[in-house]
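These numbers come from the heavy atoms of this one structure, side chains and all, not from hydrogens, waters or symmetry mates. Here the structure is a predicted model, which is why all the values come from computation and not from measurement.
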Amino acid sequence: MKKLVAAALAGVMVLSMAACGAEDFDAKGYVQGALDAQFKGEYAAHAEDVGQTEEEVKKQIEDENLKEAQQTIALSGVPATEEEVQAYVDLIVEGIKKVDYEVQDAVKDENDNYTVDVVVTPVGILDSLEEIFTAKIQDAIANEGIDESGYMAVFNESVKESIDKAETFEPQTVTLHVTYTEDGKNRIYSVNEEDINNLTMIATNQK
């Protein structure tokens with residue numbers, strides 16, 4: 001059970017954030033669009049930045065989220081149907097929408113890389129998950145009997161309850177590093193993956 005609880009956020013916040021840039025590259029707008037796509041399900045700005053359609057960006061994010069969730073849940077050892085995994089992803093995606101954030105102005109260094117501070121208001125969407133899940137499983141075992149094939153359904157119920165009762169915490173500032181690589185005459189900007197992981201953990205009160 002603990003492995004399944006530990007899997008709750010892993011793999012769901014997958015940001016593919018790469019955009020072509022020039023001397024007037026808008027790092028703040030780029031970060032805003034990318035975060036809005038992943039946290040809020042608003043794809044227009046990010047799609048323009050990466051030269052794709054909104055539908056393409058939406059599908060890419062959804063496909064990556066589902067793939068990573070499938071792998072993570074499989075590693076937990078708990079059986080889950082495709083519908084249960086998708087339901088889990090949908091719950092987390094909706095929970096993440098509770099998080100508020102404000103992207104600050106970008107600061108450019110002498111090498112044309114940027115730092116962008118994001119003031120994020122954490123929401124503990126999974127703070128109660130382990131307690132709720134453990135109680136539900138114990139109750140099911142005591143009253144009706146349940147094996148591992150039923151764990152995922154109970155887990156999803158527990159995720160929803162935890163999200164519904166989530167508390168909000170004091171805002172924190174997270175710094176994202178936006179750096180580029182050369183691709184011929186183009187610069188391809190992206191956000192440091194560790195920074196994104198750190199932002200996600202703080203945004204969901206996991207750190």
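Side-chain contact between E102 and V120: absent, with no pair of heavy atoms (C-beta onward) separated by less than 4.5 Å. Counting heavy atoms from C-beta on, the side chains of T175 and D195 never come closer than 4.5 Å. Contact of the R187 side chain with the D112 side chain is registered, since non-hydrogen atoms from C-beta on lie closer than 4.5 Å. Side-chain contact between H46 and D36 is absent, with no heavy-atom pair separated by less than 4.5 Å. Two residues are said to be in side-chain contact when any heavy atoms from C-beta on lie closer than 4.5 Å; T134 and E130 meet this criterion. Residues T204 and L126 form no side-chain contact, since every pair of their non-hydrogen atoms from C-beta on lies 4.5 Å or further apart.
Closest non-hydrogen pair, H177 versus T115, comes out as CD2-CG2, 3.6 Å. Scanning all heavy atoms of the two residues, the minimum distance from N156 to L91 falls at O-CD1, 3.4 Å. Closest of all the heavy-atom pairs between L129 and V159 is CD1-N, 3.6 Å. Nearest approach of Q38 to N65, heavy atoms of both residues: NE2-ND2, 3.4 Å. Of all heavy-atom pairs spanning Y43 and A37, the tightest one is CE2-O, 3.5 Å. Of all non-hydrogen atoms in V78 and M152, the two that sit nearest each other are CG1-N, 4.2 Å.
Every residue two or more places apart in sequence or in another chain that forms a side-chain hydrogen bond (donor to acceptor under 3.5 Å, both in side chains) with Q86 is listed here: D90. Annotation: ring-ring contact (aromatic ring centres under 6.0 Å, His included) contacts of Y101 (sequence neighbours excluded): F39. With sequence neighbours excluded, the residues forming a side-chain hydrogen bond (donor to acceptor under 3.5 Å, both in side chains) with D63 are K59, listed by chain and number. Residues satisfying the side chain to side chain contact (heavy atoms under 4.5 Å, CB included) test with K67, not counting sequence neighbours, are Q71. Remark: E94 engages K97 in a side-chain hydrogen bond (donor to acceptor under 3.5 Å, both in side chains) (not counting sequence neighbours). For E167, the side chain to side chain contact (heavy atoms under 4.5 Å, CB included) partners are F169, not counting sequence neighbours.
A continuous path of ILVMFWY side-chain contacts below 4.5 Å connects I92 to L199, so both sit in one hydrophobic cluster. Using a 4.5 Å cut-off between side-chain heavy atoms of Ile, Leu, Val, Met, Phe, Trp and Tyr, with links allowed through other members, I146 and I132 fall into different hydrophobic clusters. With hydrophobic clusters built from ILVMFWY side chains whose heavy atoms lie under 4.5 angstrom apart, V107 does not share a cluster with V119.
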Apply the test side-chain contact (heavy atoms from CB on, under 4.5 Å) to residues Y114 and Y189: give CA-CA distance (whole Å), side-chain angles for both, the deciding distance (0.1 Å), then the verdict.
-> CA-CA 10 Å; Y114 298 84; Y189 279 91; 3.7 Å; yes
Could you give me the CA-CA distance, side-chain angles and deciding distance for N198 and E194, then say whether side-chain contact (heavy atoms from CB on, under 4.5 Å) is met?
-> CA-CA 6 Å; N198 184 47; E194 290 186 8; over 6 Å; no
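The backbone N or O of I125 lies less than 3.5 Å from no partner atom in the side chain of N205, so there is not a single donor-acceptor pair. Put simply, the side chain of Q172 never gets that close to the backbone of E170: no donor and acceptor are under 3.5 Å apart. In this structure a side-chain-to-backbone donor-acceptor pair under 3.5 Å is missing from S162 to S158. Judged by distance alone, with hydrogens and angles left aside, the side-chain atoms of D109 form a donor-acceptor pair with the main-chain N or O of N111 at under 3.5 Å. The backbone N or O of D117 sits nowhere less than 3.5 Å from a side-chain atom of K28 that would complete a donor-acceptor pair.
For E82, the CD atom sits in a loose shell: 12 or fewer heavy atoms of surrounding residues, nucleotides or ligands are nearer than 6.0 Å. Within 6.0 Å of atom CD in E148, more than 12 heavy atoms from other residues, nucleotides or ligands are found, so the atom counts as buried in its surroundings. Atom CD of E84 has more than 12 heavy atoms from other residues, nucleotides or ligands within 6.0 Å. Counting heavy atoms of neighbouring residues, nucleotides and ligands inside a 6.0 Å radius, atom NZ of K136 exceeds 12 of them.
Using a cutoff of 4.0 Å between basic side-chain nitrogens and carboxylate oxygens, K58 and E54 are not scored as salt-bridged.
Atom CG of L66 is separated from atom CD1 of I61 by 13.5 Å, given to the nearest 0.5 angstrom. Residue K40 holds its NZ atom at 10.5 Å from NZ of K98, rounded to the nearest 0.5 Å.
Taking the six-membered ring for Trp and thresholds of 30 and 60 degrees, Y88 and F155 have ring planes inclined between 30 and 60 degrees apart.
Ring-centre distance between Y180 and F25: not below the 6.0 Å cut-off.
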